[in-house]
Number of protein chains: 2
Amino acid sequence: MSTRVHGELELAGFVPYRLNRLAVGVSNHLADIYRERFGLDVPEWRVMATVGSQHGCTAQHIAESTRMHKTRVSRAIAHLEERDLIERASSTADRRAREVRLTKAGRRMYTDLVPLVLERERELLACLGKEPLRGFLAGMTALETFLGLQD
Amino acid sequence: MSTRVHGELELAGFVPYRLNRLAVGVSNHLADIYRERFGLDVPEWRVMATVGSQHGCTAQHIAESTRMHKTRVSRAIAHLEERDLIERASSTADRRAREVRLTKAGRRMYTDLVPLVLERERELLACLGKEPLRGFLAGMTALETFLGLQD
DNA sequence: CACAATTAGTTGCGGGCGCAACCATTTTGG
DNA sequence: CCAAAATGGTTGCGCCCGCAACTAATTGTG
């Protein structure tokens, strides 16, 4: 571990900075797939992932489970609807909410996309050994808990 | 580790997503200090940290060592100069570049700020045990290497 | 039952960011 | 030695984001 002189800071070894850089790096690594090949940006990808793994969900639900701001979700949904990847039905008992669903084309994209993305994740994590991976994930979980980010 | 059904994805357990959320969380945790108490945003904080730990450096150098886009650096420097926290001298042999330095006030902020930030980092990492911390950092390093983010 | 408070979702606005283009200077190489 | 390429840095532009304000529908309360 890096030694650190009191009162001096070197950004390169500073964990919050490294963590941010790493998250950006991993995100870009993934974006190669969903952006270049499917024309999705991050919010759109997250909406696709969320809608695809459930049957009918509301924008509200998407916002909660992705932790994105509701306006970001609203705009992502609008884009995806324009591209006919998802559709909305103002069906339920609550006539404020609108049920969001994948269209045929959206479902097709989802089933093409998800395995590629999961493979990328697997391939990324493979650069850690099995045991170190466990340690790394445990660390992430502990930090998440400490910061109150759980589930 | 979470079991994962082939072809299905749950965002909450997806490492790239978790990593991004964690980085944002950690960043906000720190921002409490440098934003609320010192009125700095992320790019400004990074510039302060970089300039403060070296004696005279160029915008180019800051951009490289923080991995920020040069326009982002340029604008952060402009803001900090307006607030008289840093100053620029178009000194060196190369008359395109300008040497960036902390002013008296900037130096004062730096020496107040850095210990607080380092303390926050220490306090954050303390929620991992000593051994798990080592594992977590090793994991980060491995991922950085894999993605070519080194130093 | 009516009226206030809440909730789902959208939109105008201001701010920050990256891209590309630009200016000024320095380096390269013919 | 000069023209072309490269480099440090700034700026105009368009895009995305979050905040706050808004509409519409629902729930709670007297």
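Nothing here was measured: the structure is a model prediction, and the numbers come from that model. Naming: A, B, ... by sequence-line order, numbering from 1 per chain. These values consider heavy atoms only, across backbone and side chains, with no hydrogens, waters or symmetry-generated copies.
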Subject >> Nucleotide nearest Thr58(A) (side chain, heavy atoms from C-beta), chosen from dT10(C), dA8(C), dG9(D) >> reply: dA8(C)

Euclidean distance, atom [atom1] of residue [X] to atom [atom2] of [N] [Å, nearest integer]:
{"X": "Arg46(B)", "N": "dC17(C)", "atom1": "CZ", "atom2": "P", "result": "10 Å"}
{"X": "His61(B)", "N": "dG9(D)", "atom1": "NE2", "atom2": "C1'", "result": "16 Å"}
{"X": "Asp94(B)", "N": "dC23(C)", "atom1": "CG", "atom2": "C1'", "result": "14 Å"}
{"X": "Leu40(B)", "N": "dG16(C)", "atom1": "CG", "atom2": "P", "result": "13 Å"}
{"X": "Glu64(A)", "N": "dT7(C)", "atom1": "CD", "atom2": "P", "result": "11 Å"}

**OP:** Answer with base, sugar-phosphate or nothing: what part of the nucleic acid does Ala93(B) contact at a heavy-atom distance below 4.0 Å?
**Re:** sugar-phosphate

**OP:** Return yes if a side-chain donor-acceptor contact under 3.5 Å exists between Arg18(B) and Thr141(A), otherwise no.
**Re:** yes

Subject >> Sole residue of Ile86(B), Val51(B), Thr103(B) in side-chain contact (heavy atoms from CB on, under 4.5 Å) with Leu80(B) >> reply: Ile86(B)

Subject >> Residue met sooner reading DNA chain C from 5', once Arg96(B) and His79(B) are mapped to nucleotides >> reply: His79(B)

Original post:
To the nearest 0.5 Å, what is the distance between CD (Glu99(A)) and CD (Glu87(A))?
Top reply: 11.0 Å

Between the protein and nucleotides 17-20 of chain D, list the N/O to N/O atom pairs that are separated by less than 3.5 angstrom.
unit_1, atom_1, unit_2, atom_2, d
dC17(D), OP1, Arg72(A), NE, 3.0
dC17(D), OP1, Arg72(A), NH2, 3.4
dG18(D), N7, Arg75(A), NH1, 3.4
dG18(D), O6, Arg75(A), NH1, 3.1
dG18(D), O6, Arg75(A), NH2, 3.1
dC19(D), OP2, His69(A), NE2, 3.3

Subject >> Test ring pair (Phe, Tyr, Trp, His ring centres under 6.0 Å) applied to Phe38(A) - qualifying residues, sequence neighbours left out >> reply: none

**OP:** Starting from the C-alpha separation in whole Å, work towards a yes-or-no answer on side chain to side chain contact (heavy atoms under 4.5 Å, CB included) for Val42(A) and Arg46(A).
**Re:** CA-CA 6 Å; Val42(A) 172; Arg46(A) 287 182 184 167; 3.7 Å; yes

Subject >> Distance below 4.0 Å between Ser74(B) side-chain N/O and dT10(D) OP1 or OP2 >> reply: yes

Original post:
Think Arg98(A) has a side-chain N or O under 4.0 angstrom from the OP1 or OP2 of dT7(C)?
Top reply: no

Subject >> Student check: side-chain heavy atoms of Arg120(A) and Asp32(A) closer than 4.5 Å >> reply: yes

